[in-house]
Amino acid sequence: MPRESKKARRERAGTIYDLLQEEYPDAHCELDFESPFQLAVATILSAQTTDVRVNETTPELFRRYPDAEALANAQQEDVEEIVRSTGFFRNKAKNIIGFARGLMADHEGEVPRDLHALTELPGVGRKTANVVLGNAFDINEGVVVDTHVKRLSNRMRLTKEDNPVRVERDLVDLFPRERWTMLAHLLIWHGRNVCDARKPLCQKCVVSHLCPSSRV
DNA sequence: ATCCCGAGGG
DNA sequence: CCCTCTGGAT
């Protein structure tokens, strides 16, 4: 089996995208939010946790701390109690308060529409920044690479990299910019519903014929 | 590389 | 019990 050419991989990637979009026409960000600030906070909380669990904690969190000014003045113990069930709760409470204070100090309480400015803020890495830019501002700055995107990209051999930054570099090279945000949603939905981490349901997978890891 | 750290599934 | 869930900081 010869090494797949760049052109062939781009075509395969495009077909995978089309089939997944057909399968998940309503794929979207499943975190509940009403502002860029709320999406950023919810995304920080979503580390190593299901979005369902995040959505259980954020109504109370945003009721008490609806914006950066309120959260910047919060007591850490109060925030810890609200976000406890998301795991890593001490770090997450510290991070979202630090994030709010950073917004107040450097951005007049508003979330910047800039990847570098975002990643300078406490608790915000490249993944979180890409989520905010793509889903709060409709800016296709990069591809969100989370645990699902990394796993599926490797299984489908859209990349051979393990480092998330390198995975993203391969993905932005394979897909046109206007597809970057939706690509992550499609891979995440497929990862949750079919291409499970432990027991992938290759029999139910609409792209199994394009996947080198398929066991069908 | 390691720490943070909760909940649900198999 | 072990693994996984939209990671980031040190």
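This structure is a prediction, so every number in the text was calculated from the model and none was measured.
- When the P atom of C:dC5 is taken as reference, atom CD of A:E56 falls 18 Å away, rounded to whole Å.
- In this structure, A:E168 atom CD and C:dG8 atom P are separated by 11 Å, rounded to whole Å.
- Each of B:dG6, C:dG7, B:dC4 was ranked by its minimum atom distance to the side chain of A:T49; first place goes to B:dG6.
- A straight line from CD1 of A:I96 to C1' of C:dG8 spans 14 Å, rounded to a whole angstrom.
- Comparing atom distances between the A:K127 side chain and each of C:dG7, B:dG8, C:dT4 picks out C:dG7 as nearest.
- Within 3.5 Å, no donor on the side chain of A:R90 pairs with an acceptor on the base of B:dC4, nor the reverse.
- A:T49 and A:K92 form a side-chain donor-acceptor contact under 3.5 Å, judged by distance and modelled atom types alone.
- Aromatic ring centroids of A:W189 and A:H28 lie under 6.0 Å apart.
- Checking the phosphate oxygens (OP1, OP2) of C:dT6, no side-chain nitrogen or oxygen of A:H185 falls inside 4.0 Å.
- For A:M182 and C:dT6, the CE to C1' distance is 15 Å, given to the nearest whole Å.
- For C:dG8, the OP1/OP2 oxygens have no side-chain nitrogen or oxygen of A:R126 closer than 4.0 Å.
- Nearest-nucleotide mapping onto DNA chain C: of A:P122 and A:T43, the residue sitting toward the 5' end is A:T43.
- Rounded to whole Å, atom C1' of C:dT6 lies 9 Å from atom CD of A:Q48.
- A stacked arrangement is not assigned to A:F88 and the six-membered base ring of B:dC5, the conditions of a centre distance below 5.5 Å and an interplanar angle below 30° not being jointly met.
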Q: Go through the steps to decide whether A:D67 and A:Q38 satisfy the test side-chain hydrogen bond (donor to acceptor under 3.5 Å, both in side chains), and finish with yes or no.
A: CA-CA 7 Å; A:D67 51 32; A:Q38 292 189 357; over 6 Å; no
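- Side-chain atoms of A:R192 lie closest to C:dT6 of the nucleotides C:dC2, C:dT6, C:dG7.
- Within a 6.0 Å sphere centred on CD of A:E60, heavy atoms belonging to other residues, nucleotides or ligands number more than 12.
- With B:dG6, C:dT6, C:dC5 as the candidates, the nucleotide lying closest to the side chain of A:F89 is B:dG6.
- Among the protein residues, A:L187 comes within range of no part of the nucleic acid, since none of its heavy atoms lies under 4.0 Å from any strand.
- A sub-4.0 Å separation between OP1 or OP2 of C:dG8 and a side-chain N or O of A:T128 is present.
- In this entry the distance linking CG of A:D51 with P of C:dC5 reads 12 Å, nearest Å.
- Taking atom NZ on A:K199 and atom P on C:dT4, their separation rounds to 14 Å, with Å as the unit.
- Two residues are said to be in side-chain contact when any heavy atoms from C-beta on lie closer than 4.5 Å; A:V207 and A:S214 fail this criterion.
- A donor-acceptor contact under 3.5 angstrom links the side chains of A:T181 and A:N140, judged on distance only.
- Applying the 4.0 Å criterion to OP1 and OP2 of C:dC5, one finds that A:T147 has a side-chain N or O inside that range.
- In this entry the distance linking NZ of A:K94 with C1' of B:dC5 reads 13 Å, nearest Å.
- OP1 or OP2 of C:dT4 has not a single side-chain nitrogen or oxygen of A:R151 nearer than 4.0 Å.
- Taking the P atoms as reference points, B:dC4 lies 23 Å from C:dT6, given to the whole Å.
- Residue A:R198 places its side chain closer to B:dG10 than to any other of C:dC5, C:dG7, B:dG10.
- If you check every strand for non-hydrogen atoms under 4.0 Å, A:V124 touches sugar and phosphate atoms only.
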